[in-house]
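Okay, structure first, notes after.
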Amino acid sequence: QEKHKILHKLLQNGN
Amino acid sequence: SHLLLTEPAPLAANQDDSTDDGSLRTLLTLCDLLNRELLVLIGWAKQIPGFSELSLVEQMSLLQSGWMEALLVGVAWRSQGRAGEELVFAGNLRLDEAQCRAAGLAGVYQEVRHLAARYRAMKMSPEEAVMLKAMALTNSDAELPDSPDSLQRLQDGLQEALQDYECSRGEPHRAGRLLMSLPLLRQSAARAAEAFRRLHRQHRVPIHKLLLEMLNAK
């Protein structure tokens with residue numbers, strides 16, 4: 001998941 | 001109808017003016033548009049009934065494998081117009097075959113035009129377009145580590161909605177016709193992703209971080 005930081009963040013933060 | 005309501009407004013391209021090279025400018029404009037569309041798509045995915053119930057790993061996996069397919073449904077949908085010979089990435093970003101070729105996207109042009117012709121031939125409705133987008137996004141062949149029950153429920157729900165919609169129009173066979181266009185969509189998406197990766201690696205075309213992350217995810 002470290003490699004997919006931005007997607008991870010976007011999904012987690014509710015955009 | 002829920003998906004139609006949550007369908008985001010179409011984005012406009014922001015013309016890149018960082019270079020005098022026309023085809024590079026086109027490509028940079030396109031990459032910027034795709035990056036913003038991707039951002040919108042990630043937000044939209046959460047509106048698909050059942051998507052938010054999936055684990056974070058599953059959500060990531062679906063988006064990583066289906067994002068280009070979902071975006072290309074939109075491009076092919078917009079490119080159906082008349083006997084148009086253009087790919088309509090946005091209202092203000094329409095590329096003909098020569099422009100696509102000059103930008104290194106000749107193969108993408110052929111495949112997405114093919115897809116647009118197919119949608120046009122079946123007179124795809126807006127309802128079908130959003131269903132297809134949602135289905136493309138949730139039809140990953142990636143191996144998912146978590147329990148697949150919630151994903152199965154999500155897929156079943158979409159299929160049921162599509163069947164209901166087509167039956168209500170008195171044309172139940174259209175659901176199958178729509179699903180049969182998915183292989184061409186997947187093939188087109190693979191070609192498009194490969195083209196952008198190649199442009200980035202071989203021709204050093206700068207690509208936004210999110211778009212690059214998704215291109216390299218698989």
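Remember, it's a predicted structure, so these values are computed and weren't measured experimentally. Throughout, a chain's letter reflects where its sequence line sits, starting with A, and its residues are numbered from 1.
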| said: How about NE2 on B:H2, more than 12 heavy atoms from neighbouring residues, nucleotides or ligands closer than 6.0 Å, or not? | reply: yes
| Nearest non-hydrogen partners of A:L7 and B:E213, listed with the distance | N-OE2, 2.9 Å
| Do the side chains of A:I6 and B:M214 get nearer than 4.5 Å, heavy atoms only? | no
| query | If every non-hydrogen atom of B:M60 is compared with every non-hydrogen atom of A:H8, which pair is closest and at what distance? | reply | SD-CD2, 3.5 Å
| field | Contact summary for A:L10 and B:L210, nearest pair of heavy atoms | value | CD1-CD2, 4.0 Å
